[in-house]
2 protein chains.
Amino acid sequence: MKKLYEFLEERGISPTIQRLKILKYIEENLKHPTVDMIYQEISKEIPTLSKTTIYNTMNLFVEKGIVSELCVGEGEVRYEINLAPHAHFRCTECGNIFDVELDLKIFKIKKVDGNQIMHTSVYFTGKCSECLKKKGMINE
Amino acid sequence: MKKLYEFLEERGISPTIQRLKILKYIEENLKHPTVDMIYQEISKEIPTLSKTTIYNTMNLFVEKGIVSELCVGEGEVRYEINLAPHAHFRCTECGNIFDVELDLKIFKIKKVDGNQIMHTSVYFTGKCSECLKKKGMINE
DNA sequence: TTTCATATTTGAACCCTTTACAAATTAATT
DNA sequence: AATTAATTTGTAAAGGGTTCAAATATGAAA
Ligand SMILES: [Mn+2]
Ligand SMILES: [Mn+2]
Ligand SMILES: [Zn+2]
Ligand SMILES: [Zn+2]
């Protein structure tokens, strides 16, 4: 926990209990959690936790470049530790979101039609291998 | 309008006034409008129009494959006439959404890591050429 | 330690998009 | 015309997210 403490301090963020637990959670949880998922978990340890604090903290972390926001449809915002740009796959059956490690040169494009690109999002939706297995839906 | 009438009938959709106006609007408006934008416009012609009808109709059109839903962040759903898969650019300054005609072989991928891909989404965000011009922000 | 100023957290109210649902309207059948 | 089915409408409600002021914790100064 000392490491997380310093990690925040180095970035000019007061390392409060709430922020440390949240940071620890998203560091250990690579499932691209929603605010609600984070809240459900951490409120077990901090019963007085407010959901507003999660929203505040996530916005702060995004500003500081610690985590990145993710939009894969469904109108829910998801979060993950900031990594190299990568694509995602969302299963419409189980709802899980997987990292996709395709070597996508698309992430290197910085300008298109004169427009300056700041961020690139690539995601797929469909049925994941597990759900295909369970349902015997492997056709091709 | 006769053409739109037949267009709906051929697909087993009763061509009501509301549906015809909505279809006409998204056919002429290639700006990827939101439900609210569609509502604001068409309620001028049909003052009794309900926003629920827009939601119903857009869901129906999506089911029937007439239009496609679009998610380019910001948690707003947008719609456009169903076209060949293409990428989008959303300007964070003016909010406009542009089609991006890159020849992306990524749309041809049907399977990744054993997951079956049903849909692929690619979008960029940043500052569009117009906004760069207005602000004298053209650096590179 | 005590005091005071600042930062953070909390919880309630609120906004916005979308869905649910039942009543009202319209269209189609008999 | 009468009955039935489809569509539209309007209200309520769900869900995610923000705003804001009061409560609490933090940290520096005295
Ligand atoms: Mn990821
Ligand atoms: Mn488009
Ligand atoms: Zn799955
Ligand atoms: Zn712009």
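Letters go in sequence order (proteins before strands), and every chain restarts at 1. This one's a predicted model, so the numbers in the text were calculated from it and none came from an experiment.
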*Return the value, rounded to whole Å, for the distance between atom CD of A:E9 and atom C1' of D:dT26.*
13 Å
*Is there a side-chain polar atom (N or O) of A:Q18 under 4.0 Å from OP1 or OP2 of D:dA25?*
no
*asked:* Which label fits A:H86 and A:H32: parallel for a plane angle under 30°, tilted from 30 to 60°, or perpendicular past 60°?
replied: tilted
*Salt bridge check: are A:E6 and A:K3 linked by an N-O gap of less than 4.0 Å?*
no
*A:P15 vs B:S14, nearer the 5' end of DNA chain D by closest nucleotide*: B:S14
*Heavy atoms, side chains only, cut-off 4.5 Å: are B:N115 and A:V100 in contact?*
no
*Strictly below 4.0 Å, heavy-atom distances to any atom of DNA chain D: list the hits from residues 57-82 of chain A, or just say none.*
A:N59, A:V77
*Whole-Å distance between D:dG27 C1' and A:I13 CD1?*
18 Å
*Contact residues, residues 31-49 of chain B to DNA chain D [heavy atom, < 4.0 Å]*: B:T48, B:L49
_A:E76 with A:R78: basic N within carboxylate O range, under 4.0 Å_ = yes
*Start with the C-alpha gap between B:K133 and B:E130, add the side-chain angles, then the distance that decides, and say whether salt bridge (charged side-chain N to carboxylate O under 4.0 Å, His left out) holds.*
CA-CA 5 Å; B:K133 222 176 283 175; B:E130 282 304 306; 3.4 Å; yes
*Whole Å only: how far is the CG atom of B:N56 from the P atom of C:dA20?*
10 Å
_Contact summary for A:Y25 and A:M37, nearest pair of heavy atoms_ = OH-O, 4.1 Å
*Quick one: B:I17 CD1 to C:dT25 P, roughly how many Å, whole number?*
17 Å
*asked:* Minimum heavy-atom separation for B:L70 and B:H88, please, with both atom names.
replied: CD1-CE1, 3.3 Å
_In the structure I gave you, are the side-chain heavy atoms of B:L49 and B:K21 within less than 4.5 Å of one another anywhere?_
no
*Rounded to the nearest Å, what distance is computed from the NZ atom of residue B:K51 to the C1' atom of nucleotide C:dT18?*
10 Å
*Whole angstrom is fine here: how far is it from CG in B:L20 over to P in D:dT8?*
10 Å
*Looking only at side-chain N and O atoms, does B:Y55 come under 4.0 Å of OP1 or OP2 in C:dT19?*
no
_Once you apply a heavy-atom cut-off of 4.0 Å, does A:T53 come out as touching a base, just sugar-phosphate, or nothing?_
base
*Please name the pair of heavy atoms, one in A:C71 and one in B:C71, separated by the smallest distance, quoted to 0.1 Å.*
SG-SG, 2.8 Å
*asked:* Whether B:T16 contacts D:dA6 is assessed here as follows: a side-chain N or O lying under 4.0 Å from the phosphate OP1 or OP2. Is that the case?
replied: no
*asked:* Need one value for B:T52: base, sugar-phosphate or nothing, where a base atom within 4.0 Å counts as base even if backbone is also close, heavy atoms only.
replied: base
